[in-house]
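Taking it in order: structure first as structure tokens, then the write-up.
As the structure lists them, so they are numbered: ligands from 1, and atoms in each ligand from 1. Keep in mind that what you see is a predicted model, and the values were worked out from it rather than measured.
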Amino acid sequence: MRIFLDTANIDEIRQAAKLGIISGVTTNPSLMARENRCDLRDVIGEITSIIDGPISAEVLSSDPGGMIEEAQQISSWSPNVVVKIPVSAAGLEAISVLCRRGIKTNLTLCFSLNQAILGALAGATYVSPFVGRLDDIGQDGMALVAEIVKVFKQYDGFSSQVIAASIRHPLHCVAAARAGAHIATVPYRVLMQMIDHPLTERGISLFAADWQRIARG
Ligand code: E4P
């Protein structure tokens, strides 16, 4: 499983990139708003200068023509840009046109197996089931990820990669890997939590203390 960072915060991306484990970034309008930035082109430009991998940027139009036009524009900024398009009839139409034009897409706000199947049939490069938001309403988000992975594997023509999105805590990452998700897109805070373990910290302190004791004689 690969890990993308789910943020529009440049400092977080810079810090995470140093670890050598991040292969892409996902943004969305809410993440942009959280950073108080509306200059999508600049933000994407900054991210592509840090991470050499797929960077998702979302369209705001709701009609197929507008989505396609925005997508053409966004994808011209860098070969690494992936256009995020929410599930809807308009979104599927846009994805199928963009797929034929060789533009990479990420079907976002995916909450059902049917939506994921339609996204794959339209030619989406990625489909993003939102795990945390399903959990929030009492549905099993990770079960959906596992179901999508399983169904996609049954058909040769289904080449969309599954991104476990809306990840809220480290257990979601473990479960995404077990479910066979190709990618988990994680907030920076969760990435840091994935590194931590109290026994590792205790072990490091103990090694240092023992070494000091013996070195002092
Ligand atoms: C995915 O691409 C989305 O940006 C993201 O995972 C949404 O997560 P949220 O439910 O925490 O907003």
Side-chain angles (χ1 to χ4, degrees), residues 1-10 12-13 16 21-38 40 43-44 46-48 50-51 53-60 67 70-71 74-75 78 80-88 91-92 94-95 98 103-112 115-116 119-120 122 124-146 148-149 160-177 179 181-194:
M1 184 178 79
R2 291 188 292 152
I3 294 182
F4 289 180
L5 207 60
D6 195 28
T7 185
N9 182 302
I10 304 300
E12 289 182 351
I13 295 168
I21 53 176
I22 299 301
S23 46
V25 174
T26 50
T27 67
N28 66 39
S30 302
L31 292 171
M32 291 286 295
R34 195 177 296 167
E35 303 309 318
N36 207 16
R37 295 194 66 170
C38 54
L40 185 60
V43 171
I44 297 302
E46 287 170 48
I47 299 174
T48 52
I50 303 167
I51 299 280
I55 314 296
S56 287
E58 193 155 340
V59 295
L60 292 165
M67 287 176 173
E70 257 189 86
I74 291 172
S75 65
S78 157
N80 278 346
V81 170
V82 176
V83 183
K84 241 183 180 183
I85 299 189
V87 185
S88 65
L92 292 169
I95 289 171
L98 294 166
I103 293 173
K104 294 194 189 89
T105 52
N106 176 353
L107 182 85
T108 191
L109 290 169
C110 174
F111 293 101
S112 74
Q115 291 179 331
T125 318
Y126 303 96
V127 301
S128 293
F130 274 38
V131 175
R133 292 194 197 187
L134 277 170
D135 290 357
D136 288 345
I137 60 159
Q139 294 184 18
D140 188 345
M142 205 51 76
L144 174 63
V145 171
I148 295 171
V149 169
S160 307
Q161 294 197 30
V162 179
I163 304 181
S166 187
I167 295 288
R168 299 278 164 79
H169 49 70
L171 264 185
H172 271 158
C173 303
V174 170
H182 300 90
I183 298 146
T185 187
V186 304
Y188 183 77
R189 173 187 55 80
V190 174
L191 180 69
M192 292 301 112
Q193 289 176 319
M194 288 171 77

Name each N or O atom in ligand 1 that is under 3.5 Å from a protein N or O, and give the partner atom and the distance.
| from | atom 1 | to | atom 2 | distance (Å) |
| --- | --- | --- | --- | --- |
| ligand 1 | 2 (O) | K84 | NZ | 2.6 |
| ligand 1 | 4 (O) | D6 | OD1 | 2.9 |
| ligand 1 | 4 (O) | N28 | ND2 | 2.7 |
| ligand 1 | 4 (O) | K84 | NZ | 3.1 |
| ligand 1 | 6 (O) | D6 | OD2 | 2.7 |
| ligand 1 | 6 (O) | S166 | N | 2.7 |
| ligand 1 | 10 (O) | R133 | NE | 2.7 |
| ligand 1 | 10 (O) | S166 | OG | 2.7 |
| ligand 1 | 10 (O) | R168 | NH2 | 3.0 |
| ligand 1 | 12 (O) | R133 | NH2 | 2.7 |

For this session: Output all residues satisfying side-chain hydrogen bond (donor to acceptor under 3.5 Å, both in side chains) with R37, sequence neighbours left out; order by chain, then residue number.
Result: D39, E46
For this session: Check I85 against A94 and note the closest heavy-atom contact, atom names and distance.
Result: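 That closest heavy-atom pairing would be CD1-CB, 4.2 Å.
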Exercise. Which heavy atom in I74 sits nearest to a heavy atom in A57, and how many Å separate them?
Worked result: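 Heavy atoms of I74 and A57 come nearest at CG2-CB, 3.9 Å.
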For this session: Kindly say whether D135 contributes a backbone atom to a donor-acceptor pair with the side chain of Q139 at under 3.5 angstrom?
Result: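 It does not hold such a pair.
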Exercise. Taking the side chain from H182 and the backbone from V162, do they hold a donor-acceptor pair closer than 3.5 Å?
Worked result: yes
For this session: Would you please say whether a donor-acceptor pair under 3.5 Å links the side chains of N28 and E58?
Result: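 Distance-only check fails for N28 and E58.
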